[in-house]
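Right, one structure below, let's go through it.
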Amino acid sequence: MPRSPASFRDPAGHVHLLDGKIYRSVLPAGVSQYHAARDSGFLTSAAQSGNMVEGREVDAGVLSAEAPNAVHVIEHPRLPFISYPYCWSFDGLQAAALLTLDLHIQALQFGLTLSDASAYNIQFIGPKPIFIDFLSPIPYEEGQVWLGYRQFCEQFLNPLLLTAKTGVPFNAWYRGAPEGIPAAELSALLPTRTKFHPLIALHVVVQGRMQRSVTARSTAKARNVRLSRTAFLNNLESMRRLVAGLRAPRAQQSPWENYE
């Protein structure tokens, strides 16, 4: 499998498995953003802290057959095990969500932002989450909004809220909807008292109403929204507090507990 079928979406580069090694091609569309993240020191800092997978540039000729247009080729260590968000426990998804937010907050200090907020950017080495998308960091532009906000809500926040506030495990729903749980669907299930929480009202109830009433005009207005750097950071930090405060309901006793 020279090229991973899971990396087909990103125009900036692709992941390749060749001779038992993991490589990432950096294509012309992703060169400038990769240079910005590399030259800022963010990639090195995040890797040294253990929050991001390590990567080193190698001769681009190693992928001459699979990625002839690659400007750079990065070799990553091969992870021992690949898992997916719908397989994780509540605590695992919560840890992955917090890592995504912490890494984004760290990226802002280097003048960067994350281009997405996919749960599939996270893997685990033992119990520790690690970010694996080397091309997600891009230059931050003053006034821009959180590009991955809706994705973060649907793939992290909403599944966690579903379990924490209703007691329904998110796994089966997530497995049937790999892109996550839309706010409009979650809002219909949450207990009424839960919807009065200010952050849940903002991130779920209001967003759900917007999704149900979206129009071309409202979409155009949303594209013109500007957000200060301070407001951007406050948004990330308030989301972190919300996610960190969620707790899974106590597991129900099983008749199999005393089977032995």
Side-chain angles (χ1 to χ4, degrees), residues 9 84-86 88 90 93-94 96-102 104-105 108 113-122 136 138 140-249:
R9 293 183 180 185
Y84 303 96
Y86 45 79
W88 301 341
F90 180 95
L93 185 62
Q94 185 180 46
L98 293 175
L99 173 63
T100 300
L101 293 169
D102 288 341
H104 203 156
I105 292 170
L108 280 176
T113 182
L114 299 184
S115 61
D116 63 349
S118 173
Y120 298 90
N121 285 343
I122 307 292
S136 182
I138 61 174
Y140 167 78
E141 297 179 5
E142 188 65 37
Q144 76 175 82
V145 298
W146 181 3
L147 298 176
Y149 169 70
R150 177 171 176 174
Q151 190 175 46
F152 183 90
C153 290
E154 293 185 350
Q155 297 193 10
F156 286 114
L157 178 63
N158 294 351
L160 290 170
L161 282 172
L162 174 68
T163 300
K165 301 304 181 181
T166 72
V168 177
F170 63 80
N171 307 79
W173 191 338
Y174 209 150
R175 188 163 52 246
E179 295 301 319
I181 302 175
E185 296 180 15
L186 176 63
S187 181
L189 297 175
L190 289 178
T192 300
R193 66 183 182 278
T194 299
K195 298 179 183 180
F196 288 104
H197 186 291
L199 293 179
I200 295 177
L202 174 64
H203 298 304
V204 179
V205 180
V206 174
Q207 189 180 163
R209 290 175 180 171
M210 292 176 63
Q211 289 177 6
R212 286 191 292 266
S213 61
V214 66
T215 63
R217 183 177 179 181
S218 63
T219 301
K221 289 176 63 177
R223 289 183 181 141
N224 294 324
V225 172
R226 308 293 289 172
L227 200 64
S228 71
R229 188 189 190 99
T230 300
F232 194 125
L233 181 60
N234 289 342
N235 195 6
L236 292 173
E237 291 178 341
S238 69
M239 182 69 81
R240 193 192 191 287
R241 289 192 296 271
L242 174 59
V243 170
L246 297 177
R247 297 290 180 269

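In this chain, numbering begins with 1 at the start of the sequence shown.
- Partners of D116 according to the side chain to side chain donor-acceptor pair (under 3.5 Å) rule, which considers only residues two or more places apart in sequence or in another chain, are N121, S136.
- Residue L160 holds its CG atom at 11.5 Å from CZ of R247, rounded to the nearest 0.5 Å.
- Applying the ring-ring contact (aromatic ring centres under 6.0 Å, His included) test to W173 and every residue at least two apart in sequence or in another chain returns nothing.
- In this structure F170 satisfies the ring-ring contact (aromatic ring centres under 6.0 Å, His included) test with no other residue, sequence neighbours excluded.
- Every pair passing side-chain hydrogen bond (donor to acceptor under 3.5 Å, both in side chains) that includes a residue from residues 230-245 is listed here, sequence neighbours excluded: D102-R240.
- Distance check: F152 CZ to L157 CG gives 6.5 Å after rounding to the nearest 0.5 Å.
- The OG1 atom of T163 sits 8.5 Å away from the CG atom of L93 when rounded to the nearest 0.5 Å.
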Side-chain donor-acceptor distances from residues 185-202 under 3.5 Å, at least two apart:
residue: K195; atom: NZ; partner: S187; partner atom: O; Å: 2.8
residue: H197; atom: ND1; partner: L199; partner atom: N; Å: 3.1

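- With sequence neighbours excluded, the residues forming a side chain to side chain contact (heavy atoms under 4.5 Å, CB included) with E142 are Y140, R229, listed by chain and number.
- For the side chain to side chain contact (heavy atoms under 4.5 Å, CB included) test, residues two or more places apart in sequence or in another chain that qualify with V168 are L162, T166.
- Ring geometry for Y86 against Y84 counts as parallel: the plane angle stays under 30°, on a 0 to 90° scale with 60° as the upper cut.
- Applying the ring-ring contact (aromatic ring centres under 6.0 Å, His included) rule to F90 yields no partners; only residues at least two apart in sequence or on another chain are considered.
- Looking at residues two or more places apart in sequence or on another chain, you find a side chain to side chain donor-acceptor pair (under 3.5 Å) between Y149 and H203, Q207.
- Applying the salt bridge (charged side-chain N to carboxylate O under 4.0 Å, His left out) test to pairs two or more places apart or on separate chains, those with a residue in residues 153-167 are R150-E154.
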